Amino acid sequence: MSTTFFNPPPPPTTVPELHQTHAHLIKTGLIHHPFTAGHLISAAVKLSLTYPHTIFTHLQNPNAFSYNTLIRGYATSPSPMTSLTLFKDMLVDDNVVPDNYTYTFVLKACGNVGCVGFGEQVYGHVVKTGLDGDLYICNTLVHFYAKNGEFGIARKVLDEMCVKDVVSWNAVLSVYCEMGMMEDARVFFGEMGVRNVESWNFMVSGYVKGGRVDEARRVFDEMGVKDVVSWNVMITGYARNGEFGEVFRLFEDMRKDEVVPDDYTFVNVLSCCASVSGLSQGEWIHAYIDKNGVEVGGFLATALVDMYSKCGCLEKALEVFRKTSRKDISIWNSMIAGLGLHGYGKRAIEIFYELIDDGIKPNEVTFVSVLSACSRSGLLDEGYKMFELMVHTYNIKPTIEHYGCMVDLLGRFGLLDEAEGLAKEVPFKEAQVVWESLLGACRSHNDVEMAERVTKKLLELDPQDSAGYVQLSNVHASEGRFNDATELRKKMRAQGVSKDPGCSMIEVNGVVHEFLAGEGMVL
DNA sequence: TTAGGGTTAG
């Protein structure tokens with residue numbers, strides 16, 4: 001005897017699939033079935049919020065599940081207030097009654113709205129409904145108070161809970177760590193009744209966020225069980241700190257520990273390879289990814305393109321770029337930047353137009369990459385055109401980086417007056433880089449008068465700025481005014497201004513060595 | 001269902 005089961009179709013996971021399913025449900029009238037509609041909304045919130053909200057508003061009798069799903073969706077969105085509006089609608093809707101799920105999601109929304117009063121009102125309803133003993137609701141309430149800085153109340157609620165689990169404790173710990181309150185976190189961590197790997201991860205992550213890598217490492221080393229996130233957090237800490245050797249060592253240890261690296265791990269380590277020109281490490285990771293059938297897309301594809309570009313393998317970068325089917329804006333930006341970096345300005349511009357043809361909207365970073373490509377390749381007209389396009393077609397307000405590229409480009413062509421005009425437009429106090437770039441151009445074109453003017457401007461912006469002194473003394477030196485140059489260097493020393501040493505890195509037999517100007521091998 | 005940590009492009 002055989003039994004036939006009805007297998008419902010898998011839920012839509014892409015927008016076109018969603019539209020198709022929606023259309024099908026309208027055609028068959030199933031959309032009026034609250035259960036079916038609820039599941040459609042549930043699938044839709046994973047893709048967008050406006051679309052399921054529209055479906056919801058057209059429902060004649062939305063059930064609690066549909067309300068809950070939408071409330072949950074908005075709770076963690078940029079507009080958590082909408083969750084509260086939906087909750088109010090739910091209260092006046094005679095056909096539904098808020099349940100334990102509803103309160104969990106609404107309280108979560110309250111935590112994100114940032115108004116303690118709302119949460120307290122909602123909790124009033126919880127008490128009236130008799131749901132105040134629900135573990136999930138209480139856990140969310142604890143998190144709600146902590147998130148709003150009410151640690152005392154959070155702790156009181158926590159202590160008074162008859163039944164609590166590790167989530168209850170983590171609800172407070174996670175906030176201490178997130179907010180960088182590591183002393184409180186440490187004390188609380190010691191008092192915790194139960195801990196799990198996440199508790200430890202919160203601690204490590206809190207220290208990493210505060211730049212306290214050594215303390216993070218101490219906690220990390222004390223951990224009994226480490227998961228992939230533990231390793232990733234620690235790796236991120238070292239990467240942010242520029243301790244790339246430690247990143248590679250940890251990556252190695254992680255594999256010895258038989259923890260399977262994921263996309264986050266690869267992206268982090270690849271990004272370090274890019275920083276230190278560690279091509280062989282990068283290639284090894286790429287091979288590992290291929291061998292293990294890891295899907296290359298999103299951040300990972302971008303990281304690969306970036307690594308190959310920065311290690312000088314443009315062909316490989318292009319290969320990864322071309323092979324990536326769904327390209328987001330980052331991978332385009334990375335490719336454009338890579339081509340620009342190696343002086344292929346024209347190719348960078350071609351890729352830029354390809355991006356436009358693909359219907360993708362360039363962003364701020366795209367224009368930094370493309371303008372920098374123009375600047376490096378000396379493409380003056382194209383640079384002007386791109387700047388115009390950015391401001392007038394794409395309505396992107398130029399940032400300091402965009403101005404920097406333009407001033408650099410104009411400076412290369414000796415169009416110093418135009419460059420100075422643009423530098424003056426820079427509305428930021430951080431305009432320093434732009435003036436530094438202009439000063440470099442003054443030096444190349446031996447415009448002493450402007451160099452002096454620009455130096456003055458630079459020193460107004462930052463009296464400790466070394467670039468101004470160095471460049472001006474170089475201008476004096478190139479003009480043969482060695483006495484002026486020496487005087488300036490003396491003045492610089494007297495004021496305690498130091499010049500960062502030049503630095504370069506090279507990979508030899510898979511080991512990266514770093515050199516500082518005027519010194520021996522460091523790493 | 002609740003806490004949920006970790007990533008790219010300039």
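Computed from a prediction, not measured in an experiment: that's the story for all the values here. Convention: sequence-line order gives letters A, B, ...; per-chain numbering from 1.
Between F56(A) and H53(A), the ring planes are perpendicular. Angles over 60° get that label, and only those under 30° would be called parallel.
For the pair R195(A) and F189(A), the cation-pi criterion (under 6.0 Å, within 45° of the ring axis) is fulfilled. Both tests hold for R72(A) against F105(A): distance to the six-membered ring centre under 6.0 Å, angle to the ring axis within 45°. Judged by a 6.0 Å distance limit and a 45° cone about the ring axis, K361(A) is not positioned over the six-membered ring of Y394(A).
Among the atoms of the strands shown, none is found under 4.0 Å from any heavy atom of R195(A). Residue-level contact check: D227(A) touches the bases, meaning some heavy atom is under 4.0 Å from a base atom. If you check every strand for non-hydrogen atoms under 4.0 Å, A337(A) touches sugar and phosphate atoms only. Residue K327(A) is out of contact with every strand shown, counting any heavy-atom pair closer than 4.0 Å. The residue S372(A) sits apart from the nucleic acid: no heavy atom pair falls under 4.0 Å. Residue K164(A) is classed as having no contact, given no heavy-atom separation below 4.0 Å to the nucleic acid. At a threshold of 4.0 angstrom between heavy atoms, the contacts of V233(A) are confined to the sugar-phosphate backbone, with no base atom among them. If you check every strand for non-hydrogen atoms under 4.0 Å, F266(A) touches nothing. Among the atoms of the strands shown, base atoms are found under 4.0 Å from some heavy atom of N363(A).
Residue-environment remark: CD (E315(A)) stays at or below the threshold of 12 foreign heavy atoms within 6.0 Å. F118(A) CZ: 12 or fewer foreign heavy atoms inside a 6.0 Å radius.
Scanning DNA chain B 5' to 3' for nucleotides with an atom closer than 4.0 angstrom to a non-hydrogen atom of chain A gives a first and last hit of dT1(B) to dG10(B).
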